Amino acid sequence: EQKRNSIPRFKIHKTVSILNANLPPMKDALSPTQVIEQPPVRAGLTAVQQENLMILRQQDQTRYIEVALRISITLLAAVALWQYTGQIGIFLWLAAHTVLNATYLTWLSRIPMHQPHSVSLRTYRIAFAICMTLITAFGVVPVYLVWLNEPVLTLTALAGLAGLGLQNLIVHSRIRAMAIFSPVMLAALLGSCGAIYMTHTDSMAGQLLILTCFTSICGYYAFCQYRMFNGHQQIRAAEARAAEAQRMQAIGQMTRGIARDFNNLITGIQGNLELSKHLSDGADREKTLEQARDATERAALLTSRLVAYARQTPLRPDNHDMADLMPRIASTLRQELPEGHKLTLAPTGKMPPLQVDGAQLTRALSALLANAVAATPDGGTITLRNRLVAFSNPVTYFGRTGLGPGTYCAISMIDNGTGIAPELLDRVTEPFFTTSPSPRHSGLGLPMSLGFAEQSGGAMGITSTPGRTEVTLFLPCPDPVTRPS
């Protein structure tokens with residue numbers, strides 16, 4: 001309340017008057033019969049719905065071995081039932097179910113999960129509706145086999161229901177909707193089987209036994225589904241608490257680093273400016289002013305790297321011919337090398353055009369070059385290399401940065417320094433973390449490069465051994481000309 005009252009009122013009135021000046025009079029803007037049609041707003045997904053869709057896609061589409069095994073067992077069972085019963089309908093039903101399941105998984109894989117907020121609510125509902133329909137359609141076959149009242153088919157039906165229940169318990173127990181749907185669906189299927197069995201006996205005790213058995217199975221399955229779902233919820237809560245603690249620790253470390261670096265820079269600026277007031281000699285005075293200007297440039301560089309680390313730097317991507325871009329970047333970087341260091345550009349084959357912000361890429365590679373120079377204080381050869389790499393499965397770096405399947409341009413900075421200790425590899429991308437004693441190394445070079453790579457749709461990887469460290473920026477190639485082996 002005090003802050004609100006402390007705002008100068010004339011500034012508020014001035015702002016309002018400016019806004020009113022840009023608006024047309026209300027009576028001229030709208031007539032009594034004029035209706036403004038608002039564009040339809042597409043319903044987006046909540047955070048929970050995005051997570052559920054991500055789980056559904058990961059569980060049903062990325063477990064290739066489990067999916068292949070499940071489809072193979074279904075097709076084998078369909079052929080065996082056809083041979084045993086001679087009924088082509090069962091085979092066609094299970095075969096059609098398998099084809100539809102494969103089609104569903106293919107469609108699911110095309111959902112852009114790297115941008116889950118772009119998925120509509122309609123797509124979300126369709127995905128879960130198809131999943132539930134396929135599960136229910138599969139459960140119809142065991143009920144039909146029980147209805148045929150043949151011991152071999154009855155045993156086959158019970159095995160099918162057991163497999164269906166286990167698959168839902170293991171794969172879909174993390175999703176609330178599926179955790180509710182699976183027990184209800186299994187209860188309906190087992191209830192249908194129990195009703196069929198009860199018609200085959202006139203004994204009241206037998207019917208009571210059947211009812212008790214099937215009711216117990218359904219209740220125990222629902223209890224297991226609840227425990228699995230509740231366990232996953234507790235794991236999520238623990239992960240969220242750990243992430244929050246890690247985030248607060250990172251914020252504290254970043255705050256200390258910013259305060260320390262800016263305090264050093266401001267002290268240098270103020271000290272040199274104050275000293276220049278008391279110097280009459282032009283040369284000495286110019287030297288102190290030059291040192292002050294150098295400190296301001298380092299402050300500006302620190303600010304730009306902070307912005308890049310926060311992924312807030314406006315990118316202006318353009319198509320670049322790598323055969324022309326890399327030599328120009330190498331020529332620029334050579335001007336930054338101290339004496340005793342050499343930068344070589346490794347030869348490469350034909351590369352597709354890369355859509356990237358050339359200036360920001362040069363800045364990121366400049367930061368990597370500074371780290372490589374710091375790792376080789378006695379001088380050495382630093383290699384700049386670019387090549388095409390292809391991933392058929394998702395790849396993760398630093399436990400959080402994911403690369404989807406596709407082709408990427410890998411731009412590497414390689415030095416022959418002492419290397420990075422294995423226990424420090426996970427920390428080198430933390431802001432203001434540095435092992436260099438020099439005050440000019442703020443510990444923002446690698447975080448800034450990582451932020452640029454992620455903002456460009458890629459990632460950054462680091463491999464290090466004694467005598468060799470390679471830091472690689474992976475940038476997506478929209479139009480690859482070849483696919484490397």
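Quantities reported herein were computed from a predicted structural model and do not represent experimental measurements.
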**OP:** With the side chain counted from C-beta on, respond yes when Gln87 and Leu81 share a heavy-atom pair under 4.5 Å apart, and no when they do not.
**Re:** no
Original post:
Looking only at heavy atoms, what is the nearest atom pair of Cys131 and Tyr104, with distance?
Top reply: CB-OH, 3.5 Å
Original post:
If you draw a 6.0 Å radius around CG in Asp324, do more than 12 non-hydrogen atoms from other residues or ligands fall strictly inside?
Top reply: yes
Original post:
If you take all heavy atoms of His320 and Gly358, which pair is closest and at what distance?
Top reply: NE2-N, 3.7 Å
Original post:
Heavy-atom distance under 4.5 Å between the side chains of Arg387 and Ser412, does that happen here?
Top reply: yes
Original post:
So which heavy atom on His232 is nearest to which on Arg174, and how close?
Top reply: CD2-CG, 3.2 Å
**OP:** Compare all side-chain heavy atoms of Leu325 with those of Asn386 and state whether any distance is below 4.5 angstrom.
**Re:** no
**OP:** Inspect the surroundings of CZ in Arg176 and state if more than 12 heavy atoms from other residues, nucleotides or ligands are less than 6.0 Å away.
**Re:** no
Original post:
Do Glu470 and Arg385 pass the side chain to side chain contact (heavy atoms under 4.5 Å, CB included) test, and can you show the C-alpha distance, the side-chain angles, and the key distance before you say yes or no?
Top reply: CA-CA 10 Å; Glu470 180 176 355; Arg385 181 181 67 176; 2.6 Å; yes
Original post:
With side chains defined as the heavy atoms from C-beta onward, is the minimum distance between Asn52 and Met178 less than 4.5 Å?
Top reply: no
**OP:** Assess whether side chain to side chain contact (heavy atoms under 4.5 Å, CB included) is satisfied between Ile90 and Trp82, documenting all intermediate values.
**Re:** CA-CA 7 Å; Ile90 298 178; Trp82 180 25; over 6 Å; no
Subject >> Intermediate values then yes/no, side chain to side chain contact (heavy atoms under 4.5 Å, CB included), Leu446 and Leu450 >> reply: CA-CA 6 Å; Leu446 289 176; Leu450 174 62; over 6 Å; no
**OP:** Report yes if the side chains of Leu473 and Leu365 come closer than 4.5 Å at any heavy-atom pair, otherwise no.
**Re:** yes
Subject >> Test item: Asn101 and Arg70 side chains (from C-beta on) under 4.5 Å apart, heavy atoms >> reply: yes
Subject >> Separation between OG1 of Thr362 and CE of Met326, rounded to the nearest 0.5 Å >> reply: 9.0 Å
Original post:
Is the shortest heavy-atom distance from the side chain of Ser449 to the side chain of Val471 under 4.5 Å?
Top reply: no
Subject >> Spacing of Leu145 atom CG and Thr85 atom OG1 [to the nearest 0.5 Å] >> reply: 8.0 Å
**OP:** Answer yes or no: is there a side-chain heavy-atom contact under 4.5 Å between Leu186 and Asn168?
**Re:** no
Subject >> Whether Trp93 side chain and Ala78 backbone form a donor-acceptor pair below 3.5 Å >> reply: no
Original post:
Is it true that atom CZ of Arg468 has more than 12 heavy atoms of other residues, nucleotides or ligands lying nearer than 6.0 Å?
Top reply: yes
Subject >> Donor-acceptor pair, side chain of Thr201 and main chain of Ser203, under 3.5 angstrom >> reply: yes
Distance-only donor-acceptor pairs under 3.5 Å for side chains of residues 152-162, two or more places apart:
{"residue": "Thr154", "atom": "OG1", "partner": "Glu150", "partner atom": "O", "Å": "2.9"}
{"residue": "Thr156", "atom": "OG1", "partner": "Val152", "partner atom": "O", "Å": "2.9"}

**OP:** With side chain to side chain contact (heavy atoms under 4.5 Å, CB included) as the test, would you mind laying out the steps for Thr472 and Val389 before giving the verdict?
**Re:** CA-CA 11 Å; Thr472 304; Val389 295; over 6 Å; no
Original post:
Quick one: does Asp357's side chain have a donor or acceptor within less than 3.5 Å of a partner on Arg316's backbone?
Top reply: yes
**OP:** Drop me the distance from Phe452's CZ to Leu475's CG, to the nearest 0.5 angstrom.
**Re:** 5.5 Å
Original post:
In Å and rounded to the nearest 0.5 Å, what is the CZ to CD1 distance from Phe474 to Ile411?
Top reply: 10.5 Å
Original post:
About how many Å separate CZ of Arg363 and CD of Gln360, when rounded to the nearest 0.5 Å?
Top reply: 5.0 Å
**OP:** Would you please classify the geometry between the Tyr124 ring and the Phe128 ring as parallel, tilted or perpendicular, with 30° and 60° separating the classes?
**Re:** tilted
Subject >> For the student: nearest non-hydrogen atoms of Phe229 and Ile175, plus distance >> reply: CE1-C, 3.9 Å
**OP:** Would you confirm whether Ser182, through its side chain, and Ala179, through its main-chain N or O, come within 3.5 Å as a donor-acceptor pair?
**Re:** no
Original post:
What distance separates Ile329 CD1 from Leu361 CG, expressed to the nearest 0.5 Å?
Top reply: 4.0 Å
**OP:** Identify the two heavy atoms, one from Ala364 and one from Met448, that lie closest to each other, and give their separation to 0.1 Å.
**Re:** CA-CE, 4.0 Å
**OP:** Quick one: closest heavy-atom pair of Gly165 and Tyr221, and the distance?
**Re:** O-OH, 2.9 Å
Subject >> Pairing residues for Thr103 by the side-chain contact (heavy atoms from CB on, under 4.5 Å) criterion, not counting sequence neighbours >> reply: Val99
**OP:** Give a yes or no answer on whether the side chain of His97 reaches the backbone of Ala137 with a donor-acceptor pair at less than 3.5 Å.
**Re:** no
